[in-house]
Structures are given as C-alpha cells and as structure tokens.
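By convention in this document, chain letters (A, B, ...) are assigned in the order of the sequence lines, proteins followed by strands, and residues within each chain are numbered from 1.
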Number of protein chains: 2
Amino acid sequence: MPPLSIVSPPHWKAFSSRRRDPATKREAVLQTAAELFLEKSYTRTSMNDVAERLNITKPALYHYFQNKEEILLECYRWGSRLIGEILNEISAHCGSGLEKVEAFIYAYANVMTVNFGRCVMRLDEGDLSPTALVEVRGYKRKIDRRLRAFVQEGIADGSIGACDPKLAAFAIAGALNWICIWYEPEGPLSPEQIAAQFAHTLTQGLAARHRRGALWAGVRNNSKPGGLS
Amino acid sequence: MPPLSIVSPPHWKAFSSRRRDPATKREAVLQTAAELFLEKSYTRTSMNDVAERLNITKPALYHYFQNKEEILLECYRWGSRLIGEILNEISAHCGSGLEKVEAFIYAYANVMTVNFGRCVMRLDEGDLSPTALVEVRGYKRKIDRRLRAFVQEGIADGSIGACDPKLAAFAIAGALNWICIWYEPEGPLSPEQIAAQFAHTLTQGLAARHRRGALWAGVRNNSKPGGLS
DNA sequence: CTGATATCTTACCCGCAAGTAAGTTATTCG
DNA sequence: CGAATAACTTACTTGCGGGTAAGATATCAG
C-alpha cells in the first residue's frame, strides 16, 4: 500500500476551489515545494515560486505554514518517515546481515528516486535553524546507526567480511545518496535497474569472481550470496 | 612536489602589507573563499565574510576578481585540475583495469579531504551561471568518462566482473563524493584510513569471500598517495 | 438568508548582500 | 624626491526575497 499522496492528483488543482480543506491543501503546498526545492534548491526557491505554481499568491501560503523553514522541515520529516518504514520492514523480514544490507540497498535506491526521499539527502542542512538542524541530524543519525547495525550483524554472523562498520555504512550510504544528485526521472535508467546493480556491486564488489578454488571454503562460513535481486 | 598553496602561510597574512603582489593575494582570496564556501556554502558566504577573514574590506576583493562567481568558478577549475592530474598518473603507471580503479579510489578519496578537491563535488552547481555551468559540467563529465573507461578496461581484461560501467562508475563516484559531505579534518578518521577501506570495500565487496590468490597484493604500494595532502 | 469565519489578495516594510562611485593612502619607478 | 598609479576605504545604490497589515471575498453553520 503506497501512501495516498504518491497517487494523488496534480497538486495545483487543490487550490482551484476555495473549499475549506486545509489538510489536502497543506499537502499540496508541501508537494510543490518539495518539487521546487529539488529542481532549484531551497534557497533559490522563493515563496513566490511556490505560490505561483499553485496559482495563488505568496501570503496565502502562510495560512498553511508559519514560515518557509517549516515547509523545509516538514519535507525532511516526511522523507525520514519513508526511510524509517523501509528499515522496519527489513528488520522484520530478512535473514543474515548481508541479506539485510542488500535489501536495504535495493529499497533505499528506490526511495532516492522519489520526492520526499530525495529531500532528506539532497537538501542542504545548512538552511536549517539550529533547533531544526538538531532534529534532522537525529533522523539521519538514526538511519546511519540502523544501517551500521546491519553491517555489524553481518560481520557477527559471518556473511560480511571483516571491516569497519562505520566506514562500510558510509560507503554504502554515499553511493546511494549520490543517486539523488544525478538521477533524472525521465532518464534512461529505471529505479529498479539502479537498485539491482547497486545491490550487487556493493555487496559483491567489482572484482571478477575467479573460479580458483577457495582456500577457506567451509572453514569460516556457508552463507549464500544472491539472497535477492 | 605538492602545490605551493597547500603549504603556504595563513592566507590572511598576504594582506598585512600593501606591497604589490597580485598573484599571491589573488590566491589568498581564493583559498579563504574556498574555506568559507565549504564551511557555510557559497550562497551563505557573503563577500564581506571573505573580506573580513582577510582583514580587508569588500571592495578590495574586486581588484582581484570581477565578481563573486568568478571566485567560485576558479575553485572548480583548481579542483578539477587536481583530479585530472591524479587520473593522468594512474593512466600512466597502473596495470589492469581493476588496479586502476582501485588506485583511483585511493587517490580520489584523499583529494576529497582537501580544499579545492572538495569544492568540485560539494559546491552547488546551481549557483553557476549558464555558461559557467557548461564549463564545470565539462570537467565533471571528463572525470566520469575516464573512470568509466577504467571500468570498461577492467571488464575487457577480465579483472572486473560483467556489469554496466556507467552504473559502476556512479556507485564508486557516489561513495567517494559523499566523503566530502561527512569528512571533518579534525575527526577521528584519517584520509588514509578512509581511502584504504574504500578501495578494498568497493572492489572486493562487503560479502565475506573465500580467499583467492594475491590479486590485489601489490596494488596499494604503487598507487601514489603522495602529492595530495 | 445572514452573520461569523476561513480563505485569499493587494500593497507594503525591512534587511541583507552584490556591486559601484569616488576619494584616500601607500608603493614604486624614473 | 616626486609624480604616476596601484591598493584600498567609506559611503552609497539596487534588487530581491521573507514576512506582515489590512482589507476583500467566498464558504459554511444555523
């Protein structure tokens, strides 16, 4: 069940009538704002820009949000919730640490191609006020910690080779977060393609697997690569 | 021989005398600007901020640069040159495709911890004028293409497993570029630590592996971490 | 139908930062 | 030394964008 908003009608229609429906209008503002923030960045997006795309005037926006930053913060919250849900599902349904990491890569790569997901990692933290920054940093740290925990789990159960979990998590997160920089919805690469190869490359590495006999075979672990793809 | 600027005296001393020395003064401006751009972002850095840190006044800056954007563009140029040199060395001195990729990861991770290197990937392209954007995009595309060529080379010579070189390059570049987001010069992780594990994780993958022959035994020795830090 | 209220607009204020004009001070070279 | 000019400052203009005041208009409950 995808959240309703993703299937919802074009947001600018929300303001075609003056009917009293604050909830959907507020969300319409949020959606258009997120779009613009991703197109032009938060700073270069003026409140006028947002209003214009919704066919209303700037002051009208202040009926739904106290100020510009509240819109930004709400984008972060929405996106963080998305990512959090992904992590929950994986924690519940997956097996070995490596499988969890792989499932995470796959799911996360997909979120990075969706509005609010992209916001979390693409928008500039520096635009936040100190208190809001603390909140957002909290969300991000939580995500990082949970990913890191998957890696540690994998090291413990033998599915992942010895390494510094912190750095491993950074490498994975980096490759994934960068998606939201270069990804274009109309481009040649589908989210699924990206997700699939990333899941494979990051877990298995670039190096060709050689048919050479395994010195340590059976000694150390018996994990099966290729849990999902 | 590392570039002089990196070892040069604190840039604010350049303006302590009014002696006529445009070259070093111009570079001092560039260095401080780069620092500030990385600390606060380009947009949030005012010309006054730059001037203040150099103990001069804003209009003085306009003796060395036509406008704010020219400073930004120069940062991009400087950083791109650094990265280009790395790529040249690797092209010249390394063996298999995989070795080149690994050497690249190692060297590039180091550049991402250095002022001008960070600028190239951390600063926001959106702050550039259309013509400048074209130029910078050119630099970036060139870097991407050369990395991609290494990967293709590796696939051809059998050192890298079958995959889409474009996506592989994106994954590597993402992990590396993200460094300049989270890296803190005073933090617990040294550039070398980061570089070393990234080179290993990205080429060999996370998954625990049965030990093979010494494919990568000598690689770290002939990649050259010198000349950067 | 009618007042009460939510919704939205027009017109404005204010502060900030890029950039400039014009004058002042130091350096350098003949 | 003493012009010529580079280097720098003070004081200003300009435009833009966030936010608000106050009024106009539509919606809804009774």
Handout entry: B:K25 side chain near D:dC8 phosphate (N/O to OP1/OP2, under 4.0 Å)
Key = yes

Handout entry: Check: A:E70 side chain, A:Q66 main-chain N or O, donor-acceptor pair, under 3.5 Å
Key = yes

Practice task
Measure from CD1 on A:I56 to P on D:dA26 and round the result to the nearest Å.
Solution key: 17 Å

Problem - salt bridge (Lys or Arg N to Asp or Glu O under 4.0 Å) between A:R19 and A:D21, intermediate numbers included - result: CA-CA 6 Å; A:R19 219 179 75 250; A:D21 186 357; 3.5 Å; yes

Practice task
Just compare C:dT9, C:dA17, D:dA7 and give me whichever is closest to any side-chain atom of B:H63.
Solution key: D:dA7

Problem - side-chain N/O A:Y62 vs D:dG18 OP1/OP2, d < 4.0 Å - result: no

Exercise for the section: Could you check B:R118, B:R122, B:R53, B:R44 and say which one makes a salt bridge (Lys or Arg N to Asp or Glu O under 4.0 Å) with B:E39? Expected result: B:R53

Exercise for the section: Indicate, with a heavy-atom threshold strictly under 4.0 Å, whether B:F65 touches base, sugar-phosphate, or nothing. Expected result: nothing

Problem - Side-chain donor/acceptor of A:K100 to backbone N/O of A:G154, under 3.5 Å - result: no

Problem - Within 45° cone and under 6.0 Å: B:K140 NZ/CZ vs B:Y76 ring - result: no

Completion exercise
When rounded to whole Å, the CZ to P distance for the pair A:R26 and C:dA6 reads 17 Å

What does the list of N/O pairs under 3.5 Å between the protein and nucleotides 23-30 of chain C look like, with a distance for each?
| residue | atom | partner | partner atom | Å |
| --- | --- | --- | --- | --- |
| C:dT25 | O2 | B:R18 | NH2 | 2.7 |
| C:dT27 | O2 | B:R20 | NH2 | 2.5 |

Handout entry: Contact nearer the 5' end of DNA chain C, comparing A:D21 with B:T43
Key = A:D21

Exercise for the section: Mind calculating the distance between CG (B:L36) and P (C:dA17) to the nearest angstrom? Expected result: 13 Å

Practice task
Using modelled atom types only, decide if a donor and an acceptor are shared between the side chain of A:T45 and the backbone of A:S41 within a distance under 3.5 Å.
Solution key: yes

Exercise for the section: Using atom types as modelled and distance alone, determine if a side-chain donor or acceptor of A:Q197 lies under 3.5 Å from a backbone N or O of B:D164. Expected result: yes

Handout entry: Whole angstrom value for the distance that separates P of C:dT9 from CD of A:E52
Key = 12 Å

Exercise for the section: Calculate the interatomic distance between A:N67 atom CG and C:dC14 atom C1'; express it in whole Å. Expected result: 17 Å

Exercise for the section: Using the six-membered ring wherever Trp is involved, compare the ring planes of B:Y64 and B:F15 and label them parallel, tilted or perpendicular (cut-offs 30° and 60°). Expected result: perpendicular

Exercise for the section: Take the protein atom CG of B:N48 and the nucleotide atom C1' of C:dG15, then report the distance between them rounded to whole Å. Expected result: 14 Å

Exercise for the section: Say whether A:E102 and A:Y106, considering side chains only, have a donor N or O and an acceptor N or O under 3.5 Å apart. Expected result: no

Handout entry: Whole angstrom value for the distance that separates P of D:dT25 from CZ of A:F15
Key = 20 Å

Exercise for the section: Could you tell me the separation between the CZ atom of A:R44 and the P atom of D:dG18, rounded to a whole number of Å? Expected result: 13 Å

Pairs under 3.5 Å (N/O, protein and nucleotides 10-14 of chain D):
none

